[in-house]
Every structure is written in C-alpha cells, then in structure tokens.
Protein chains: 2
Amino acid sequence: MPSASATSTVRAGSSPGRRGRPGYDQQSVLNIAVEVFNRHGYDATSMGILAENLGISKSAIYHHVPSKEDLLALALEQALGGLESVWDAPESQSGTAEHRLEFVVRSTVQVLTERLPFVTLLLRLRGNTETERAALERRRSFDRKVAELIAEARAEGTVRTDIDPRTVARLLFGTINSIVEWYRPGGALTSEKLADDVVAVLFDGLHTRS
Amino acid sequence: MPSASATSTVRAGSSPGRRGRPGYDQQSVLNIAVEVFNRHGYDATSMGILAENLGISKSAIYHHVPSKEDLLALALEQALGGLESVWDAPESQSGTAEHRLEFVVRSTVQVLTERLPFVTLLLRLRGNTETERAALERRRSFDRKVAELIAEARAEGTVRTDIDPRTVARLLFGTINSIVEWYRPGGALTSEKLADDVVAVLFDGLHTRS
DNA sequence: GTCTATATGTTGATAGAC
DNA sequence: GTCTATCAACATATAGAC
C-alpha cells in the first residue's frame, strides 16, 4: 500500500530538520490554511481570517505564498498526489479484478485518512477557477480508472450485474468520499479498521449473512 | 411515502395560478438562486452574479427577498421540510426496524431527488452563520433518528454487529447523501430504480450472492 | 417589478519600514 | 519574517425614480 508522507507538522518550530526561530515556513502555513479553509469553506475564508488563525498579519502571509489561489493549488497537489500514488503499487496492477478493486478501495481510504484535510478540500471544490477545474479533471481521471476496475470485476462475475455500472461506481465513491465528512484520526477507529468496515459494507452489505 | 410538492417552476409566468406579466415571484427567484448557489457555491455567488443569471439588476432581487441570507434560509426550509416529512408517514413508525429503516432510506432518496437542488445546498453548508448552524442542527436531528432506527435493526438481528453502529450510520448517510453530487432527474435512471439500487447496495453489497 | 445611482464595508494584494 | 498603511476592486444593501 502506498504510504503518503506525514503532514502533521503544524508550526515550523516543531519540524525536525528546521533551523531558526519562531515564524512559519510554507508547509506550516499551508497546514493551518487548509484546516481553516475546511472549517469555513475556501471562498468564505478571507486572508484576514486566515491571518488571525495564523497569528500573523495578512501581509505576512504573502511572504510565504504568492496568493490565496496558490495556497489552494499547493493543498490540492498534496491530495491528488496521494490519490494518484495508489496506482504505483503493484497490487493495483496485477491479480483478479476483485483483488485489485479491494486493494484500491483500501488504499484510497488510507490516503483519505492520512491526508484528510487536503482531500477534504479537494472533494468540496466547485470548479470556479482554472486551478479548481484542473484539479477536478485529475480527480475525474482517478475516478475513471476505478470505474474501469469495477467494469472488469463485473465481467469477471464478482460484482453484481443488476445495477448499472455507472451507478455502482457513483455509490462506491459516495461511500468512500463521505469519510472525510466525519472521520477524525486519533480516535478509537483506526484507519485500518475503517478500511475493513468500508470494504465489508461495500461488498457484503449491512445485512447479517445467513 | 411522503410526496414533496413539485418545485420545478422556473420562471413565474409558467406558474399555473399566476397573473400579471413577466418578472419573477419569490419562488421563481429562489429556484434559480439555488441552482446558481450550487453551481458556484453559496459564498462565491455574489448578488451581481445572481442578478446576471436572473437577467435583472442586483437591486431588483431585493424586491423579492430581504437579503442573500434570507434566500438561503428559504431554500434550506424546503430541504429540511422535505426530509422531516419522512417521519409523517405511518410506515416510518410501525413494523419491524428492518422495514422502517428500508422505508426511511427509500423516502430519503425520494426527497433527495424531488428537491435535489435544495438538499444539495443543505448538504454543502459549513455552518458559518446562525442560519446555517440552525439548519445543520435540524439536519443532525434527522440523522439522529435514522441512527436510532439502525440501532433497533441491530438489536433485532437484521443488521450486522461486527461494525460500530456509528460507523454504520455514517457510511449509510455517505452513500445516500452522495446522490446529490451526480444524480440528475429526467435521465434513464428513475428515482424509484435509484432507491432500489441504493437499498440493494447498502443492505446486500456489491458482490454477487452465492 | 424593475431600474440607476450610491452608501458603506470588506476583499485580495502591494509598498516599504524594521 | 513580520509589520503598518494603503489601494483598487468588489461586496451587500438602500434610496428613490419610472
């Protein structure tokens, strides 16, 4: 399973390899910015609100990043990079379609939880700017690959055929993506158990089995 | 099943009982406004953009509605009213928990498709204002009732017990709510077939059954 | 029911000192 | 790396004519 590099550092000072005093570096500004974007919504977050949350002035932000939109682009790159890395793992490329599909579902859940705030931001985009539209296109490309996998599993006979494959794909993404709306790391539910649960519900359903 | 009254009228002129010439009435302004809100996001939609989409001036909007936030409140009332009406039907109040849960899932899908743009707006709220927070609280109240139903079905032995009931509820809502992100009425997929598909996937899973 | 102003505040971003 | 001060653009909303 591809491992997304940790993005837990909040303030620059706590970064292992970093010298110098207080202040922020770009990554630590980004981490807080994404959190604030998710809390208020990207559009509703002004540079003023962001500055308050950072504890610095509006202008100081522009020392670290050229614009609000660049902040968004940086965040989306972290989300998309993580998702796309799912396809680098050999388990996503060989084996039965059923196995590859389950692997991709598990990996996607893993990326969602590891890069939770970044993927959350991605999943809430409306496509208002060119930056957003480009990110949405990369996301659609990811979705298309998963849809192909579903089609293969269907042809293989391991996925039910009484439902339109597009509907199957949509519901699968709905179930997985909705995780960002409620899952919080550090609780009783580990990301591994969550992946187990998602796979169980998606493939076997909520009913008790006879 | 509770039926949400139609909200398909776009321009006032096409309203059955309406007199007078062109122009808008409040409901027709609301219908277009909600569509634009969903396309750009509520915060990103200025009264200027809205006016363009309506084909009237900014100020003219204020003849129909006191503020942008009132427009939002009106829209949310349509969404929440529809969802809450699910509990008015006798089928949601008696019978096995399994039957009541399936009925509520079907009814919710029905409301989602009938009042699609309104529910879409509700599901994307971030809770920035008092209006939004009040709506989110009503939505949480709806969610809580469904969670209780899941707990009953679990006690009844019809829902699997190897997954935390809160996770079950979250995944169920995720699957259902994600419908607003892709379903469009008027296509090949009717809302009845969609409800069948959602019930089938949620309760029996994507796998072929032996 | 719609319009042309316009009042009043907030936005993202820049200039230049420390 | 941060600040204060400032800008033009754009926001929501109002006043009053047609």
Side-chain angles (χ1 to χ4, degrees), chain A residues 9-15 17-34 36-37 39-75 126 128-132, chain B residues 9-15 17-34 36-37 39-75 126 128-132:
Chain A
T9 306
V10 173
R11 195 85 189 224
S14 56
S15 248
R18 198 164 174 282
R19 304 298 216 92
R21 234 46 20 54
Y24 288 97
D25 58 10
Q26 196 185 61
Q27 185 61 45
S28 54
V29 165
L30 182 59
N31 288 335
I32 294 189
V34 170
V36 180
F37 286 163
R39 206 163 54 228
H40 299 84
Y42 172 75
D43 287 301
T45 305
S46 68
M47 294 301 267
I49 294 176
L50 187 52
E52 276 177 38
N53 279 272
L54 285 162
I56 60 177
S57 71
K58 276 195 299 177
S59 326
I61 300 174
Y62 289 94
H63 177 77
H64 303 283
V65 71
S67 72
K68 187 183 172 185
E69 194 166 357
D70 277 72
L71 219 36
L72 178 64
L74 284 169
R126 299 307 316 148
N128 287 336
T129 64
E130 206 42 61
T131 300
E132 297 187 25
Chain B
T9 305
V10 172
R11 195 85 189 223
S14 55
S15 248
R18 197 162 174 284
R19 303 296 216 94
R21 235 46 18 55
Y24 289 95
D25 58 11
Q26 195 185 60
Q27 185 60 45
S28 53
V29 166
L30 182 60
N31 289 335
I32 294 189
V34 170
V36 180
F37 287 161
R39 204 162 56 227
H40 298 85
Y42 173 75
D43 287 300
T45 305
S46 70
M47 294 300 267
I49 294 176
L50 188 51
E52 276 177 39
N53 278 272
L54 286 162
I56 60 179
S57 72
K58 280 191 293 179
S59 325
I61 301 175
Y62 289 93
H63 176 77
H64 302 284
V65 70
S67 72
K68 187 183 171 183
E69 195 166 356
D70 276 71
L71 218 36
L72 177 64
L74 284 168
R126 299 307 317 146
N128 287 336
T129 64
E130 206 42 60
T131 300
E132 296 187 26

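Here is how names work: the chains are called A, B, and so on, in the same order as the sequence lines, proteins then strands, and each is numbered from 1. For clarity, every value in this text was computed on a predicted model and none was experimentally measured.
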Verdict with reasoning, B/Val65 to B/Leu30, per side chain to side chain contact (heavy atoms under 4.5 Å, CB included): CA-CA 9 Å; B/Val65 70; B/Leu30 182 60; over 6 Å; no
Answer yes or no: is there a side-chain heavy-atom contact under 4.5 Å between A/Gln26 and A/Leu74? yes
Just the rounded figure in Å: distance from C1' of D/dC3 to OH of A/Tyr24. 15 Å
Under the side chain to side chain contact (heavy atoms under 4.5 Å, CB included) criterion, do B/Glu69 and B/Tyr42 qualify, and how do the steps go? CA-CA 10 Å; B/Glu69 195 166 356; B/Tyr42 173 75; 4.1 Å; yes
Please evaluate residues B/Thr45 and B/Asn53 with respect to the criterion side chain to side chain contact (heavy atoms under 4.5 Å, CB included), reporting the C-alpha separation (whole Å), side-chain torsions for both, the decisive distance (0.1 Å), and the verdict. CA-CA 11 Å; B/Thr45 305; B/Asn53 278 272; over 6 Å; no
Which part of the nucleic acid does A/Ser57 contact within heavy-atom distance under 4.0 Å: base, sugar-phosphate only, or nothing? base
Counting only side-chain heavy atoms from C-beta out, which of C/dG1, C/dA13, D/dC3 sits nearest to B/His64? C/dG1
So, A/Ser28 and A/Asn31: side-chain donor and acceptor under 3.5 Å apart, yes or no? no
B/Pro66 or B/Ile49: which one's nearest nucleotide on DNA chain D is closer to the 5' end? B/Ile49
Specify the separation, in whole Å, of atom CG of A/Leu71 and atom P of C/dG12. 11 Å
Of the nucleotides C/dG1, C/dG12, D/dT14, which has the atom closest to the A/Tyr62 side chain? C/dG12
Could you check how far CD1 of B/Ile56 sits from C1' of C/dT4, rounded to whole Å? 14 Å
Just the rounded figure in Å: distance from P of D/dG16 to NZ of B/Lys58. 18 Å
What is the distance, to the nearest angstrom, from the NZ atom on B/Lys68 to the C1' atom on D/dT14? 18 Å
In whole angstroms, how far is the C1' atom of C/dT11 from the CD atom of A/Glu69? 15 Å
Please tell me if A/Ser46 has a side-chain N or O lying less than 4.0 Å from either OP1 or OP2 of C/dT10. no
Whole Å only: how far is the OH atom of B/Tyr42 from the P atom of D/dA11? 14 Å
Is a donor-acceptor pair below 3.5 Å formed from side chain A/Ser59 to base C/dA13, judging by atom type as modelled? no
Presence of A/His63 side-chain N/O under 4.0 Å of D/dT2 phosphate oxygens OP1/OP2: no
Tell me: CE of B/Met47 to P of C/dA5, nearest whole Å? 20 Å
Go through C/dA13, D/dT12, C/dC3 for me and flag the one nearest to the B/Ala60 side chain. C/dC3
